[in-house]
Trainee: 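Take this structure, written in structure tokens, and hold onto it; I'll ask about it next.
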Amino acid sequence: MSIRARLLASFTLLLVATVLLFTAAAFIVTTAVTGDVRGISSFYNVHLRLKPLTPEQETLFLDLKHLAKTKPEELLVPDIYKEYDFQLKVAKASLLIRKGSGSAFISPALAENQPEAVLPPYEAENVHMRSTLQTGKNFFGYAKYDFRFADGEQGRLFVFREVSPFAVLMSKLLPLFVSVLFLLLVGSNIYIYLFLTRRMIRPLNLLRAAAARIQRGDLRFRIQPGDDEIGQVSAAFEEMRGKLQESEELQKQYESNRKELIANISHDLKTPLSAIRGYVEGIRDGVADTPDKLESYVDIIYSKAEEMDHLIEELFLYSRLDLNKVPFVLQEVDLTRFVADVVYELRFELEKEGVGLETGGHSPGPLHVRIDPMHMKRVVNNVVGNSLKFMERPPKTIAFDLRRDGAAAVLEITDTGPGIDPAALPHVFDRFYRAETSRNRETGGQGLGLAIAKQIVDNHGGSIRAENASDGASARHPQTGTRIVIRLPLLKGNHTDEKNSDH
């Protein structure tokens with residue numbers, strides 16, 4: 001059964017139960033008031049419409065009625081009707097006795113309202129004995145009895161009680177009010193049913209349509225959640241859709257990266273493979289006909305094989321870094337001492353390449369950071385190795401500057417190479433990227449060194465960027481070149497060290 005059908009059944013049962021309870025309540029009230037089992041119609045006719053007098057007034061009326069039946073002539077005796085008038089006056093009622101076409105007696109308070117003009121017609125059967133009438137602006141409930149005197153002339157007996165116009169109106173319009181109440185009850189239930197079904201079914205239909213779109217693979221839409229429980233479900237559904245869309249876009253990006261990676265690997269492996277194939281064919285064809293030439297061919301083949309091995313090793317490392325599968329053993333390290341040790345190890349290798357090494361003029365003091373020394377050393381080596389490939393003209397120099405910048409330690413590695421095209425600066429850390437003008441294929445490199453360095457620095461919570469040294473040239477380094485700036489967060493205790501180092 002659908003939710004709409006369940007709601008319809010629930011509201012129908014609620015309406016039926018309300019009507020039954022309303023009827024039962026009316027039946028119980030009728031029984032309690034009348035003392036016997038009567039219908040609502042009888043209760044209304046007898047106790048609302050047909051009894052306009054109070055019990056005390058009704059008793060006096062019944063006495064006068066009995067007198068009119070048995071001794072009607074006594075109603076014309078002044079002492080008798082004045083006594084009854086006094087008693088009715090105490091009970092807040094009035095008396096009217098008519099004989100023929102005139103009034104034999106009328107209470108003084110009643111005479112002011114001139115009720116004779118609006119009296120009901122004579123009725124020998126006395127079918128309608130109780131009712132209400134209006135004279136002027138006043139409303140009266142009355143009980144009457146029509147009879148005949150001994151001489152055969154018509155006699156009429158009336159007991160009046162002034163009533164509120166609202167009470168009269170209510171007594172006359174009670175059936176209408178009950179009917180309107182019933183219709184309002186039915187209408188309100190129908191309205192609530194339609195309102196709730198619209199509030200509930202519409203968002204559920206939207207969710208069903210959204211699920212169908214997702215099933216078709218369409219994720220480019222949004223669901224506007226409401227502020228109720230279904231709205232919370234819609235919000236969760238929208239969050240799921242957003243994550244699915246992000247996952248789909250990420251998957252597309254991964255697929256694009258995979259294709260690009262395969263293309264770049266194919267391109268970078270093809271060159272050394274072609275060289276190896278060419279030298280192997282030269283050996284097979286007898287081109288290397290002397291021991292020296294043969295040894296030269298073998299050395300070239302070996303170097304190309306090493307180049308391929310290095311490319312595969314860097315590619316494997318980058319892939320593991322990209323998937324966050326490289327474990328980092330972080331430990332607290334004094335970055336000043338760490339950089340000094342790395343520079344000391346590099347000094348001898350750089351001297352063999354004819355490259356000078358410079359360090360900052362003053363020590364920044366202890367800079368405690370949390371790093372993986374092995375991986376951070378690889379970052380420095382990759383940056384230095386990248387600089388060595390592009391410094392062609394002397395003087396060849398690499399400068400290390402370490403300083404403190406607020407809550408971060410900043411390491412700058414500056415070379416004296418040709419610099420980088422400003423348009424290429426934002427992309428130098430992209431994998432397989434090579435600037436076309438100054439860092440092309442002929443200079444060597446696969447475009448993974450700086451990409452690996454960025455992945456490692458990012459995993460340390462730091463940042464790395466490249467800039468041309470001429471953008472911030474100083475008296476010590478006025479030449480052009482490339483500067484790599486590495487920022488690492490300092491551990492909390494270095495603020496004390498900073499204050500101490502300032503003195």
Side-chain angles (χ1 to χ4, degrees), residues 30 33-107 109-111 113-136 138-165 167-175:
T30 301
V33 172
T34 62
D36 58 357
V37 180
R38 299 185 181 183
I40 296 177
S41 176
S42 299
F43 172 77
Y44 168 73
N45 288 331
V46 173
H47 295 279
L48 290 180
R49 188 167 61 86
L50 301 183
K51 282 202 171 181
L53 304 182
T54 65
E56 185 179 0
Q57 295 167 353
E58 184 74 18
T59 301
L60 292 172
F61 169 73
L62 293 177
D63 289 345
L64 289 168
K65 175 183 174 183
H66 177 72
L67 191 62
K69 283 183 178 180
T70 57
K71 301 176 181 179
E73 302 300 330
E74 292 186 7
L75 291 175
L76 301 177
V77 178
D79 291 339
I80 294 179
Y81 63 67
K82 286 182 179 180
E83 177 64 24
Y84 275 107
D85 180 59
F86 175 76
Q87 295 183 31
L88 288 171
K89 183 178 181 181
V90 173
K92 297 182 179 180
S94 302
L95 176 63
L96 171 62
I97 302 174
R98 290 179 62 83
K99 183 178 181 182
S101 59
S103 296
F105 174 80
I106 183 170
S107 299
L110 182 64
N113 294 283
Q114 299 179 352
E116 293 91 342
V118 292
L119 292 177
Y122 181 87
E123 188 180 37
E125 296 82 5
N126 287 304
V127 176
H128 302 95
M129 297 178 61
R130 295 171 177 82
S131 186
T132 59
L133 57 81
Q134 178 181 4
T135 170
N138 298 324
F139 287 85
F140 293 90
Y142 67 87
K144 75 175 182 68
Y145 181 72
D146 294 332
F147 60 97
R148 287 190 178 273
F149 287 96
D151 58 3
E153 197 170 5
Q154 293 180 351
R156 310 197 72 180
L157 170 67
F158 289 87
V159 174
F160 289 92
R161 179 176 72 93
E162 189 172 1
V163 296
S164 168
V168 176
L169 181 65
M170 285 296 296
S171 65
K172 291 183 177 180
L173 298 182
L174 183 62

Trainee: Any donor-acceptor pair under 3.5 Å linking the side chain of Gln57 with the backbone of Val159?
Mentor: no
Trainee: Can any side-chain N or O of Tyr142 pair as donor or acceptor with the backbone N or O of Met129 at less than 3.5 Å?
Mentor: no
Trainee: Within a reach of under 6.0 Å around CZ of Phe86, are more than 12 heavy atoms found that belong to other residues, nucleotides or ligands?
Mentor: no
Trainee: Does the side chain of Leu119 come within less than 4.5 Å of Leu96's, by heavy atoms?
Mentor: yes
Trainee: Any donor-acceptor pair under 3.5 Å linking the side-chain atoms of Thr135 with those of Asn113?
Mentor: no
Trainee: Do the non-hydrogen side-chain atoms of Arg148 and Glu153 ever get within less than 4.5 Å of each other?
Mentor: no
Trainee: Is the shortest heavy-atom distance from the side chain of Gln87 to the side chain of Leu64 under 4.5 Å?
Mentor: no
Trainee: Is the Phe160 ring parallel, tilted or perpendicular to the Phe140 ring (thresholds 30°, 60°)?
Mentor: perpendicular
Trainee: What distance separates Phe147 CZ from Thr70 OG1, expressed to the nearest 0.5 Å?
Mentor: 10.5 Å
Trainee: Taking C-beta and beyond as the side chain, do Pro120 and Arg156 meet within less than 4.5 Å on heavy atoms?
Mentor: yes
Trainee: Could you give me the CA-CA distance, side-chain angles and deciding distance for Asp151 and Lys99, then say whether side-chain contact (heavy atoms from CB on, under 4.5 Å) is met?
Mentor: CA-CA 11 Å; Asp151 58 3; Lys99 183 178 181 182; 3.3 Å; yes
Trainee: Just by modelled atom types, is the Asp146 backbone N or O under 3.5 Å from a matching donor or acceptor in the Glu123 side chain?
Mentor: no
Trainee: Which heavy atom of Gly141 sits nearest a heavy atom of Thr132, and at what distance?
Mentor: CA-CG2, 3.9 Å
Trainee: Distance check, rounded to the nearest 0.5 Å: Leu88 atom CG versus Tyr81 atom OH?
Mentor: 14.5 Å
Trainee: Locate the shortest heavy-atom distance separating Leu157 from Lys65; write the atom from each residue and the value.
Mentor: CD2-N, 3.7 Å
Trainee: Flag the pair Ile106 / Glu116 as yes when at least one side-chain heavy-atom distance between them is below 4.5 Å, and no otherwise.
Mentor: yes
Trainee: Rounded to the nearest 0.5 Å, how far does CG of Leu67 lie from CG of Leu62?
Mentor: 12.5 Å
Trainee: Atom NZ of Lys82 and atom CG of Leu95: how far apart are they, to the nearest 0.5 Å?
Mentor: 12.5 Å
Trainee: Which heavy atom in Gly155 sits nearest to a heavy atom in Tyr122, and how many Å separate them?
Mentor: O-CE1, 3.7 Å
Trainee: Work out which heavy atom in Phe61 is nearest to a heavy atom in Ala143; give both atom names and the distance.
Mentor: CE1-O, 3.4 Å
Trainee: Looking at Glu56 and Arg161, is there a salt bridge between them, counting it only when a charged N and a carboxylate O are closer than 4.0 Å?
Mentor: no
Trainee: Give a yes or no on whether Gln114 atom CD has more than 12 heavy-atom contacts from other residues, nucleotides or ligands under 6.0 Å away.
Mentor: no
Trainee: CG of Asp85 to CZ of Phe105: how many Å apart, nearest 0.5 Å?
Mentor: 3.5 Å
Trainee: Does the side chain of Phe158 come within less than 4.5 Å of Ser103's, by heavy atoms?
Mentor: no
Trainee: Looking at side-chain heavy atoms only, is the closest gap between Asn126 and Lys144 below 4.5 Å?
Mentor: yes
